[in-house]
Amino acid sequence: MTSFTERVYAAVKKVSAGQTRTYKEIARAAGKPRAWRAVGNVLNKNRDARIPCHRVIRSDGTAGGYARGTRAKMKRLAAEGVYVKP
DNA sequence: CTAATGACCATTA
DNA sequence: ATAATGGCCATTA
């Protein structure tokens, strides 16, 4: 399948530990620079632990949302040495 | 096909 | 600082 969802997964998988990408960047990497909204939707529905969806943050530098709670997301990022705006 | 949803973005007040 | 507004797009029912 070469659906948008698949490309988003692939793009997120490429992000290494300690790095972060914005939803916009992921959308651009997926070939749809204006689909940041849909990217959030995809990651929200995604439950695959192989996909580091917690490394995807908002353009403002804030953590953004997370299925298990924004708290958990920030905690995870902090554990990788990444600081996000409160 | 339509309508609704949302882990967004940027601007404005 | 917060709140509201308009725009934007794939997925799902």
Side-chain angles (χ1 to χ4, degrees):
Chain A
M1 260 175 79
T2 41
S3 62
F4 178 72
T5 307
E6 288 282 340
R7 285 182 282 190
V8 169
Y9 287 149
V12 175
K13 271 189 214 168
K14 284 177 193 166
V15 183
S16 316
Q19 299 183 34
T20 57
R21 287 294 155 105
T22 66
Y23 289 96
K24 250 203 245 180
E25 278 289 317
I26 294 296
R28 185 167 69 77
K32 309 257 176 186
R34 290 171 203 164
W36 12 262
R37 196 74 101 133
V39 171
N41 262 332
V42 168
L43 295 180
N44 180 27
K45 283 208 159 196
N46 169 51
R47 272 183 204 23
D48 197 330
R50 297 170 293 185
I51 297 169
C53 31
H54 58 277
R55 314 230 181 109
V56 184
I57 64 177
R58 299 200 355 180
S59 296
D60 294 27
T62 57
Y66 197 58
R68 305 251 320 273
T70 308
R71 274 286 287 225
K73 183 171 183 176
M74 291 198 294
K75 206 165 173 174
R76 231 178 234 281
L77 289 171
E80 293 185 357
V82 180
Y83 171 80
V84 290
K85 281 188 189 179

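These figures come from a predicted structure and were not determined experimentally. Order of the sequence lines sets the chain letters (A, B, ...), proteins ahead of strands, with each chain counted from 1.
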Using atom names, set out every protein N or O paired with an N or O of nucleotides 1-3 of chain B below 3.5 Å, distance rounded to 0.1 Å.
none

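- Along DNA chain C, the nucleotide nearest to Trp36(A) and the one nearest to Phe4(A) differ in position, and the one closer to the 5' end is contacted by Trp36(A).
- Sorted by first and then second residue, the side-chain hydrogen bond (donor to acceptor under 3.5 Å, both in side chains) pairs with a member in residues 29-38 of chain A form an empty list; sequence neighbours excluded.
- Applying the salt bridge (Lys or Arg N to Asp or Glu O under 4.0 Å) test to Arg47(A) and every residue at least two apart in sequence or in another chain returns nothing.
- Listed in residue order, the members of residues 72-86 of chain A having a heavy atom less than 4.0 Å from DNA chain C come to none.
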Can you give me the dot-bracket string for DNA chain C, 5' to 3', counting Watson-Crick and G-U wobble pairs with both distances under 3.5 Å, using [ ] for crossing pairs and | for partners on another strand? .||||||.|||||
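- Cluster annotation: Val39(A) is not connected to Ile57(A) through the hydrophobic network of ILVMFWY side chains, with a link wherever side-chain heavy atoms come within less than 4.5 Å.
- Between chain A and DNA chain C, the heavy-atom contact criterion of under 4.0 Å yields a 5' to 3' nucleotide range of dG7(C) to dT12(C).
- Contacts with DNA chain B (heavy atom under 4.0 Å) in residues 52-61 of chain A: Cys53(A), Arg58(A), Ser59(A), listed by number.
- Ile26(A) and Ile51(A) fall within a single hydrophobic cluster, where Ile, Leu, Val, Met, Phe, Trp and Tyr side chains are chained together by heavy-atom contacts under 4.5 Å.
- For the segment residues 16-35 of chain A, residues with any heavy atom less than 4.0 angstrom from an atom of DNA chain B are, sorted by number, Tyr23(A), Lys24(A).
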Contacts table for residues 2-22 of chain A: side-chain donor-acceptor under 3.5 angstrom, sequence neighbours left out:
{"unit_1": "Ser16(A)", "atom_1": "OG", "unit_2": "Gln19(A)", "atom_2": "NE2", "d": "3.3"}
{"unit_1": "Thr22(A)", "atom_1": "OG1", "unit_2": "Glu25(A)", "atom_2": "N", "d": "3.1"}

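- When the side chains of ILVMFWY residues are joined at heavy-atom separations under 4.5 Å, either directly or via intervening members, Met74(A) and Val82(A) end up in a single hydrophobic cluster.
- For residues 37-49 of chain A, proximity to DNA chain C is found at Arg37(A), Ala38(A), Asn41(A), Lys45(A), defined as any non-hydrogen atom under 4.0 angstrom from a strand atom.
- Applying the salt bridge (charged side-chain N to carboxylate O under 4.0 Å, His left out) test to every pair with at least one member in residues 59-79 of chain A, sequence neighbours left out, gives no pairs at all.
- Listed here is the closest heavy atom pair of Thr70(A) and Gly65(A): OG1-CA, 4.0 Å.
- Residues passing the salt bridge (Lys or Arg N to Asp or Glu O under 4.0 Å) test with Arg55(A) are Glu80(A), sequence neighbours excluded.
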